[in-house]
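Before any comments, here is the structure.
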Amino acid sequence: MSTILELPKAAPFLIEQDYSAYSTEQHSVWAELVRRRMPQLERHAAQEYLDGFETLCLPYDRLPNLAAVSAKLHRRTGWNATPVSGFMPAPAFFEMLAARRFPTTTWLRSRNSLEYTPEPDIFHDVFGHVPMHAHRIFADFLEHYGRVCASISDSATLEKLGRLFWYTVEFGVIRQRGEIKAYGSGLISSHGECMNVIEGHCAIHEFSLDEVLLTPVKVDELHKVLFAVSNFDEIYEAMHEAERHALCGRLQEE
Ligand SMILES: [Fe+2]
């Protein structure tokens with residue numbers, strides 16, 4: 001089936017990654033970003049993130065070729081890192097997740113903004129997100145998230161489910177051998193966000209779906225609370241519970 005038929009809402013945003021167009025400077029910015037993040041992540045990232053990075057052979061010294069990454073990823077979990085032109089409307093985004101395609105930007109931040117970009121770039125998307133897609137339970141959770149959200153039109157319900165995405169996929173932490181480890185891409189790809197957790201400026205609550213659904217997302221400040229799972233089955237189960245809540249209208253505004 002062609003991608004346009006398979007992904008009618010996302011089709012206008014799908015592009016090719018012109019790998020040969022990246023400059024030497026851009027490859028060297030990627031290498032610098034990886035060099036800066038790895039020492040902290042070797043100590044503070046979830047083992048599953050580090051395993052995914054290694055399994056996919058993500059490059060340290062040059063930008064990733066998405067077709068090569070996707071070939072490895074697809075063999076493992078059926079996921080793809082699919083190049084898109086940038087910000088996507090929610091229905092197109094959910095449609096892609098439901099099809100096990102992660103919308104992946106191809107542009108890279110410049111050397112002047114190594115720590116922060118207002119919108120996700122390829123470093124956030126590939127370095128931050130993609131290694132977790134090699135984990136089978138996480139991969140199934142994310143597809144299910146996309147399928148459920150793609151079937152919902154109520155905005156209050158989608159906003160609540162957005163909180164579940166935020167506190168897992170973007171800013172998730174897990175307790176491993178008594179320590180808090182990061183697996184959310186916003187923590188993985190940002191030194192400042194990760195330090196906020198490591199240095200204890202952020203409270204860590206045990207993951208509870210009800211509390212997550214009641215905690216609004218604030219994008220313009222460091223987190224004051226995040227939610228630790230003890231294994232990835234918890235987010236898989238939480239998504240099924242969230243689906244049940246959504247189906248019976250519990251997530252709509254009273
Ligand atoms: Fe992200």
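Position 1 is the first residue of the sequence; numbering continues from there.
At distances below 3.5 Å, not a single donor-acceptor pair connects side-chain atoms of Arg147 with backbone N or O atoms of Ala98. Put simply, the side chain of Tyr167 never gets that close to the backbone of Leu209: no donor and acceptor are under 3.5 Å apart. Trp107 contributes a side-chain N or O that, together with a main-chain N or O of Pro120, makes up a donor-acceptor pair within less than 3.5 Å. Although no hydrogens or angles enter the test, the distance criterion places a donor-acceptor pair under 3.5 Å between the side chain of Ser151 and the main chain of Val148. With Arg62 contributing its side chain and His27 its backbone, the two residues share no donor-acceptor pair below 3.5 Å. Not a single donor-acceptor pair under 3.5 Å links the side chain of Glu237 to the backbone N or O of Glu234. The backbone N or O of Gly192 lies less than 3.5 Å from a partner atom in the side chain of Glu115, making a donor-acceptor pair. Although no hydrogens or angles enter the test, the distance criterion places no donor-acceptor pair under 3.5 Å between the side chain of Lys181 and the main chain of Gln176. Remark: side-chain polar atoms of Asn231 are paired, donor with acceptor, to backbone N or O of Asp233 under 3.5 angstrom. Between the side chain of Arg100 and the backbone N or O of Glu143, no donor-acceptor pair lies under 3.5 Å.
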Which pairs of donor and acceptor atoms, one on a side chain in residues 197-207, lie under 3.5 Å apart (sequence neighbours left out)?
from   : atom 1 : to     : atom 2 : distance (Å)
Glu199 : OE1    : His201 : NE2    : 3.2
His205 : ND1    : Glu211 : OE1    : 3.4
His205 : ND1    : Glu211 : OE2    : 2.7
Glu206 : OE2    : Arg175 : NE     : 3.4
Glu206 : OE2    : Arg175 : NH2    : 2.7

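A distance of 6.0 Å or more separates the ring centres of Phe138 and His129. Taking the six-membered ring for Trp, Phe232 and Phe141 have ring centres at least 6.0 Å apart.
Enclosure of atom CZ in Phe127 by more than 12 non-hydrogen atoms of other residues, nucleotides or ligands within 6.0 angstrom is indicated. More than 12 heavy atoms of other residues, nucleotides or ligands lie within 6.0 Å of CD in Glu25, so this atom counts as buried by the packing criterion. Under a cut-off of 6.0 angstrom, the local environment of CD in Glu32 is crowded, with over 12 non-hydrogen atoms contributed by other residues, nucleotides or ligands.
If you run side-chain contact (heavy atoms from CB on, under 4.5 Å) between Phe227 and each of Val173, Leu164, Thr215, Ile174, only Thr215 comes through. Shown are Val229, Ile188, Val169; of these, the side-chain contact (heavy atoms from CB on, under 4.5 Å) with Tyr183 is made only by Val229.
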Residue pair Phe94, Leu158: steps toward the side chain to side chain contact (heavy atoms under 4.5 Å, CB included) verdict: CA-CA 11 Å; Phe94 298 142; Leu158 286 174; 3.9 Å; yes

Candidate pair Arg37 and Cys194, rule side chain to side chain contact (heavy atoms under 4.5 Å, CB included), full reasoning: CA-CA 10 Å; Arg37 292 301 298 125; Cys194 207; 3.7 Å; yes

Intermediate values then yes/no, side chain to side chain contact (heavy atoms under 4.5 Å, CB included), His245 and Lys160: CA-CA 11 Å; His245 290 345; Lys160 301 255 176 42; over 6 Å; no

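At least one side-chain heavy atom of Leu14 sits less than 4.5 Å from a side-chain heavy atom of Val84. Residues Leu142 and His135 form no side-chain contact, since every pair of their non-hydrogen atoms from C-beta on lies 4.5 Å or further apart. Between Arg111 and Ser28, the closest side-chain pair of non-hydrogen atoms falls below 4.5 Å. Put simply, the side chain of Cys149 does not reach to within 4.5 Å of the side chain of Phe93, judged on heavy atoms. Between Gln17 and Ile122, some side-chain heavy-atom pair lies under the 4.5 Å cut-off. Residues Ser70 and Thr82 form no side-chain contact, since every pair of their non-hydrogen atoms from C-beta on lies 4.5 Å or further apart. Between Arg76 and Arg136 the shortest side-chain heavy-atom distance falls below 4.5 Å. Thr117 places none of its side-chain heavy atoms less than 4.5 Å from the side chain of Phe123.
Taken from NZ in Lys9 to CD in Glu95, the straight-line distance is 5.5 Å, to the nearest 0.5 Å. Put simply, OG on Ser189 and OH on Tyr116 are 11.5 Å apart, with the number rounded to the nearest 0.5 Å. Here the straight-line distance linking atom CE of Met96 with atom CG of Leu7 works out to 6.0 Å at 0.5 Å rounding. Residue His124 holds its NE2 atom at 13.5 Å from CG of Leu108, rounded to the nearest 0.5 Å. Here Asn196 contributes atom CG and Leu187 contributes atom CG; the two are 8.5 Å apart, rounded to the nearest 0.5 Å. Between the CG atom of Asp61 and the CZ atom of Arg35 there is a distance of 13.5 Å, given to the nearest 0.5 Å.
For Val126 against Pro64, the heavy-atom pair with the smallest separation is CG1-CG, 3.7 Å. Taking all atoms of both residues into account, the shortest heavy-atom contact from Ala139 to His133 is CB-O, 3.7 Å. Closest non-hydrogen pair, Ala81 versus Val130, comes out as CB-CG2, 4.1 Å. Ser85 and Ile15 get closest at one heavy-atom pair: CB-CG2, 3.8 Å. Nearest heavy atom pair, residue Arg109 against residue Leu114, reads NH1-O, 2.7 Å. Considering every non-hydrogen atom in both Phe13 and Pro89, the closest pair reads CZ-CD, 3.3 Å.
Note on Leu247 and Met239: separate hydrophobic clusters, where clusters join Ile, Leu, Val, Met, Phe, Trp and Tyr whose side-chain heavy atoms are under 4.5 Å apart, directly or indirectly. When hydrophobic clusters are built by joining Ile, Leu, Val, Met, Phe, Trp and Tyr residues whose side-chain heavy atoms come closer than 4.5 Å, directly or via intermediates, Val69 is grouped together with Tyr60. In the hydrophobic clustering of this structure, Val225 groups with Val217; members are Ile, Leu, Val, Met, Phe, Trp, Tyr whose side-chain heavy atoms approach within less than 4.5 Å, directly or through other members. Cluster membership check: Met195 does not share its hydrophobic cluster with Tyr49, using side-chain heavy-atom separations under 4.5 Å among Ile, Leu, Val, Met, Phe, Trp and Tyr. In terms of hydrophobic clustering, with Ile, Leu, Val, Met, Phe, Trp and Tyr side chains grouped at heavy-atom distances under 4.5 Å, Phe87 and Phe165 are assigned to different clusters.
Residues Asp125 and Thr105 bring a donor and an acceptor atom of their side chains to less than 3.5 Å of each other.
By the salt bridge (charged side-chain N to carboxylate O under 4.0 Å, His left out) test, Glu243 is found to be paired with no residue, residues two or more places apart in sequence or in another chain being considered. For Ser155, there are no side chain to side chain contact (heavy atoms under 4.5 Å, CB included) partners at least two apart in sequence or on another chain.
A tilted orientation is assigned to the rings of Trp166 and His223, their planes being inclined by 30° to 60°.
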